[in-house]
Amino acid sequence: MQIHVVSAGQTVYSIAQAYNTTAQQIISANQLRAPNDLVVGQALVIPIVGRFYYVQSGDSLWSIGRKYGISPQELARINNISVDSPLTVGLRLYIPPLPKKNAEFLAYVEPQGASVSPTLERSAREAAPHLTYLAIFSFQAQRDGSLREPLLNNFATIASSQRTGLVMVISNQESGEFSADLARIILNDMMVQDAFLKNIEETARKYGFSDIHFDFEHMRPEDRDAYTAFLKKAKTRFSKQGWLVSIALAPKTSATQKGTWFAAFDYKAQGAAVDFVLIMTYEWGYSGGPAQAVSPIGPVRKVLNYAISEIPANKVMMGQNLYGYDWTLPFRPGTIARAISPQTAIDLARQFKVPIQYDTVAQAPFFRYRDESGNEHEVWFEDARSIQAKFDLLKELNLRGMGYWKLGLSFPQNWLLIQENFNVEKKG
């Protein structure tokens, strides 16, 4: 599979011709909304077997072969060139399909309001074949140990039809916010905690959940050890039912990192207590902050390097956003950026006739535009290039897999690139 970046003057038909495929295949693979009006800088996934590499200055068959895990001799043979011939800059070399790594993929789905939207359910159906786990966010803990249930609709049927494990996400949210006081009660009042675990067990059995996933956030630093003890207790209890226990962890880079979002997480002890962890490696660029990449590759790498120094890599999932943000400039504290899908980001660039740029340090696409009212905007989002960079990092660090926040915003390239890079393990 090829990732192609659109240049000025190119059309879907000329691109298809260059790769010996059809325009319709490219349109379908990328779910192009305006195939006759491509955006300069837009990344497309070209559904071909293998990929092409264009020789750059300083390249050799040895360096290219090492990058793709193929010997110089085999690379020369495939491309019908001499292994000793110097390479010309711009020469196109064919790279055969690479071996796939086994990996697990999780995606959260967050039903809100009085009913589940058809768009959200459709998104779950489209994603389920590519997922190990479908995680329903969230069952909210109550102060008496009971649970407030989310809308479940047809998610259990969707998961089972694709052999995808159904995950029960449990949070310490109250009124839409994570509550340190609620967590304090659950973690320290043993009568409430025992009732809480009993209610989780009964609910999980009722709906057929196979993984109990705790997303407790914004906890008091002094509850760090209590949270670890709670996780051990939950693991002992739920393992008897054959269920996995997993947790979401805020992105830390050291054991001593302070702050209300970090201090209660003990990567080493809590990672040892559960079956796997999902590190929330996103939201550097967030809705209430200044414009920047949502999950820049450098900070993501730094967090994951620390994580695997404390937790075995085969228990660690990289968190990944399926969305971007549209910020109005200049940024002012208190303003909120609009969350958008990668498809919507491309639509905006097309509408306002601006090219998409790519930050090679953050490994993320972005652009600026001026709206009809004269307001300047900055948009950061995800595309095939940024996701492939994360997949390469996942493979390099030998992680368990990746977890997505959250379904409902269209990003068809992501699912195609999962197929290209991985054998998705199934649990259902």
Side-chain angles (χ1 to χ4, degrees), residues 106-117 120-121 124 133-156 158-159 165-220 223-224 226-231 233-235 237-238 241 243-250 260-261 264-265 270 273-274 277-278 280 282-283 287 319 339 403-408:
L106 176 150
Y108 294 99
V109 59
E110 185 183 24
Q112 294 179 318
S115 62
V116 175
S117 73
L120 186 58
E121 190 166 296
Y133 312 98
L134 180 64
I136 315 300
F137 188 93
S138 71
F139 287 77
Q140 296 179 4
Q142 305 294 292
R143 295 188 176 221
D144 62 356
S146 61
L147 294 167
R148 181 181 178 185
E149 297 185 5
L151 296 171
L152 297 178
N153 223 49
N154 295 313
F155 294 124
I158 291 169
L166 193 64
V167 177
M168 180 182 183
V169 183
I170 303 163
S171 73
N172 61 318
Q173 284 192 334
E174 287 183 319
S175 302
E177 302 288 340
F178 288 97
S179 169
D181 196 48
L182 171 59
R184 175 190 62 79
I185 294 169
I186 295 293
L187 299 178
N188 295 284
D189 186 321
M190 291 301 106
M191 287 186 64
V192 171
Q193 185 178 112
D194 288 341
F196 182 54
L197 291 171
K198 180 175 181 290
N199 286 324
I200 292 172
E201 185 172 329
E202 290 176 351
T203 304
R205 191 181 296 114
K206 174 182 176 182
Y207 293 118
F209 288 104
S210 58
D211 177 5
I212 312 302
H213 181 79
F214 294 102
D215 183 11
F216 274 35
E217 303 183 36
H218 200 259
M219 293 181 286
R220 303 182 312 159
D223 285 332
R224 175 185 177 117
Y227 189 45
T228 302
F230 167 76
L231 293 173
K233 185 175 178 179
K235 178 69 170 69
R237 179 168 186 150
F238 298 143
Q241 304 295 330
W243 302 334
L244 298 175
V245 175
S246 59
I247 54 174
L249 294 173
T260 55
W261 293 101
F265 291 125
Q270 292 162 10
V274 299
V277 305
L278 188 151
M280 295 179 279
Y282 44 82
E283 291 289 280
S287 60
Y404 294 102
W405 181 264
K406 57 184 177 172
L407 297 179

Donor-acceptor contact below 3.5 Å, side chain Q140 vs main chain R148: no

Give a yes or no on whether the backbone of A226 and the side-chain of D223 come within a donor-acceptor separation of less than 3.5 Å. no

With a 4.5 Å cut-off on side-chain heavy atoms, are L278 and I247 touching? no

How close do L182 and Q173 get, counting heavy atoms only, and between which atoms? CD2-O, 4.0 Å

Whether N153 side chain and F155 backbone form a donor-acceptor pair below 3.5 Å: no

Parallel, tilted or perpendicular for F196 and F216, by the 30°/60° rule? tilted

Taking every non-hydrogen atom, the tightest pair across S246 and V274: CA-CB, 4.3 Å

Sorted by chain and number, sequence neighbours left out, salt bridge (Lys or Arg N to Asp or Glu O under 4.0 Å) with D181 holds for R143, R184

Tightest non-hydrogen contact, residues S210 and G165, listed as OG-CA, 3.7 Å

So F214 and F230, would you call those rings parallel, tilted or perpendicular, with 30° and 60° as cut-offs? perpendicular

Between K206 and E202, does any side-chain N to carboxylate O distance fall below 4.0 Å? no

Strictly distance-based, threshold 3.5 Å: is any side-chain N or O of N199 a donor or acceptor partner for the main-chain N or O of G145? yes

Short question: side chain of E217, backbone of S171 - any donor-acceptor pair under 3.5 Å? no

